[in-house]
There are 2 protein chains.
Amino acid sequence: MDTALANDNRTLAERVFTRLQDDIVLGVFEPGQKLGEAELAARYGVSRGPLREAIRRLEARKLLERIPHVGTRVAALELRELIEIYRVREALEGLAARWAAEQMGAAEIAGLWELLEQHEQQQDLQEDVAYYQREGDLDFHYRIIQGSHNGTLVDLLLNEIYYRVRRYRYQVSLNLHRPQRALDEHRRIAEAIAARDGELAELLMRRHISRARKYLENHDD
Amino acid sequence: MDTALANDNRTLAERVFTRLQDDIVLGVFEPGQKLGEAELAARYGVSRGPLREAIRRLEARKLLERIPHVGTRVAALELRELIEIYRVREALEGLAARWAAEQMGAAEIAGLWELLEQHEQQQDLQEDVAYYQREGDLDFHYRIIQGSHNGTLVDLLLNEIYYRVRRYRYQVSLNLHRPQRALDEHRRIAEAIAARDGELAELLMRRHISRARKYLENHDD
DNA sequence: CTTGAAAAGATTGTCGACAATAAACAGGCT
DNA sequence: AGCCTGTTTATTGTCGACAATCTTTTCAAG
């Protein structure tokens, strides 16, 4: 097992970008933690050149914050910002659901059902409940976003919003406290999409995300 | 006059990022044009290190496209993509207008009126009509977006969408062919915001952008 | 003339060294 | 002691050189 970067055909800058992003999103580094370039370069086994390119890209994604001549730290997402994001997400994912209902192919819809059934079965027998619930929730939303068949919308939601939100600690508690309800809401959304009812799909998706936001607003710890 | 980067306190990487972005947005480089690193480094008077950092950031903004081991070219926006963007913009700027109506301070609203009057007066006596009309339109939309007081929304619209759209050549013809109408629509939106009618402001903004999109769809040249 | 392979050339990818700046420290002064 | 100031140390910013890869050219075979 090599702690350095695996030997694939991508450039070092690409690989260190991916690994560093994963380490941030998966919580290997704490929000607000200072990340020295020498330290990171050693960790990933590269020189500072490609590392800095990766840092610049992650900075653009708001996963890292950078002060010239001072250094880089892991971006910390305030609850206030998270709620702001949810308000925007409500509109964007509502759109995604509407367009998904209009655009998704039969195969895509079948895949969505399959995913839902998996999650309902896993529901009981999973050990690390929090983790799998969160990932399951993400899977479902990913599918619908992709189903919108609008590249701009997919890019905004996945690259700009989801990477930031995934790393938020309160995200965990969110669906953990309303597991069955989230699944029910997912099922209804899937039904609307299968029925090609874009208007309803948008409404349900907006409500789904709005509920999550209100939950956040009432548990501002 | 120095063709290289001015001597301010920002780092070279920051300055070359700004200049290169301007050169792309202002059309100094053609969409699709290949940009060699040596060429660019010479142009801006820096080495390839900071230049590559700037390129990575502009790539993240979708102003540049990059293929490993091959090179960088100016991103070309297809009409199809532009229309996709407008569909998303419709939702996002509709939101911005709604929140601006709810959040903008009295001073901000006064500034918006001032801006409108300026544009109406400039309307006739301007030489480079196309340019000033486009910039005027942008000014107005910028203000409203900022007025939403939602950092995420501002960031998505300005950094992810506006920089891409500004460089699109058909953008010019868009409002050029409907100058007075665009101004009227702007005025109505401003009125709704001043009246604190978020619902109406959103409706009018969506319609404003929707019209522009339909214009694009019917003039797909 | 076309096709394909090999060689030459040009461009991108990566690295280590040095310069510039900020942070940490030490010593003297009030 | 507390605080200012000069010095040392550590970190980031920039550069030029070399390696790796792709592109173009050359040239011979069919």
Side-chain angles (χ1 to χ4, degrees), chain A residues 2-21 23-24 29-76, chain B residues 2-21 23-24 29-76:
Chain A
D2 189 3
T3 180
L5 298 172
N7 186 8
D8 55 33
N9 45 357
R10 292 187 302 165
T11 66
L12 286 182
E14 296 284 339
R15 283 180 267 168
V16 73
F17 167 77
T18 302
R19 280 210 49 186
L20 181 49
Q21 175 166 252
D23 284 344
I24 295 169
F29 303 122
E30 293 299 310
Q33 182 179 343
K34 170 84 186 292
L35 299 179
E37 293 183 1
E39 169 197 352
L40 288 178
R43 176 184 176 94
Y44 300 118
V46 296
S47 73
R48 286 173 54 223
L51 173 66
R52 283 173 64 94
E53 293 181 22
I55 289 176
R56 272 356 237 270
R57 293 173 65 187
L58 292 169
E59 184 194 7
R61 286 201 173 172
K62 304 207 182 318
L63 294 181
L64 290 177
E65 288 172 357
R66 199 177 160 65
I67 302 175
H69 299 292
V70 174
T72 305
R73 46 184 66 251
V74 179
Chain B
D2 188 3
T3 180
L5 297 173
N7 186 9
D8 56 32
N9 46 357
R10 291 187 303 165
T11 65
L12 286 181
E14 296 284 339
R15 284 181 266 168
V16 73
F17 168 76
T18 302
R19 281 209 49 183
L20 181 49
Q21 175 166 252
D23 284 344
I24 295 169
F29 303 122
E30 292 298 310
Q33 182 178 342
K34 169 86 185 291
L35 299 180
E37 293 183 2
E39 169 196 352
L40 288 178
R43 176 184 177 92
Y44 300 117
V46 297
S47 72
R48 285 173 53 225
L51 173 68
R52 283 173 64 94
E53 293 181 22
I55 290 176
R56 274 350 239 274
R57 294 174 64 187
L58 292 168
E59 184 194 7
R61 286 203 174 170
K62 304 204 181 323
L63 293 180
L64 291 177
E65 288 172 356
R66 199 175 160 63
I67 302 175
H69 300 289
V70 175
T72 305
R73 44 184 68 251
V74 180

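Just so we're on the same page: letters track the sequence lines, and every chain starts at 1. What you see is a predicted model; the values in this text were computed from it and never measured.
The side chain of A:Arg15 contributes no N or O atom lying less than 4.0 Å from OP1 or OP2 of C:dG13.
Summarising the geometry, atom CD belonging to A:Gln33 is positioned 11.0 Å from atom CG belonging to A:Leu64; distances are rounded to the nearest 0.5 Å. A distance of 10.0 Å separates CD of B:Glu65 from OG1 of B:Thr72, quoted to the nearest 0.5 Å.
C:dA24 atom C1' lies 12 Å from atom NZ of A:Lys34, rounded to whole Å. Put simply, NE2 on A:His69 is 6 Å from C1' on C:dT21, counting in whole angstrom units. When the P atom of D:dT11 is taken as reference, atom CZ of A:Arg52 falls 15 Å away, rounded to whole Å. D:dT14 atom P lies 16 Å from atom OH of B:Tyr44, rounded to whole Å. Between A:Leu51 atom CG and C:dC15 atom P the separation is 10 Å, expressed in whole Å. What separates CD of A:Glu39 from P of D:dT11 is a distance of 9 Å, to the nearest Å. Summarising the geometry, the separation between CD on A:Glu14 and C1' on C:dG13 is reported as 11 Å, rounded to the nearest angstrom. If you take CD1 of A:Ile67 and P of C:dA22, they are 11 Å apart, rounded to a whole angstrom.
Of the candidates C:dT14, D:dC15, D:dG13, the closest approach to any side-chain atom of B:Val46 belongs to D:dC15. In this structure, of C:dG13, D:dG13, C:dC15, it is C:dC15 that holds the atom nearest to the side chain of A:Pro50.
For C:dG13, its base never sits under 3.5 Å from the side chain of A:Arg10 at any donor and acceptor pair. Between the side chain of A:Arg48 and the base of D:dG13, at least one donor-acceptor pair of N or O atoms lies under 3.5 Å.
Among the atoms of the strands shown, none is found under 4.0 Å from any heavy atom of A:Gly49.
When all heavy atoms of B:Val16 and B:Pro50 are compared, the pair lying nearest together is CG1-O, 3.8 Å.
Each of A:Ser47 and A:Val70 was matched to the nucleotide of DNA chain C holding its nearest heavy atom; the match closer to the 5' end belongs to A:Ser47.
Ion pairing between a basic and an acidic side chain is recognised when a charged N comes within 4.0 Å of a carboxylate O; A:Arg56 and A:Glu53 show no such pairing. With respect to the salt-bridge test (charged N to carboxylate O, under 4.0 angstrom), the residues A:Glu59 and A:Arg52 do not qualify.
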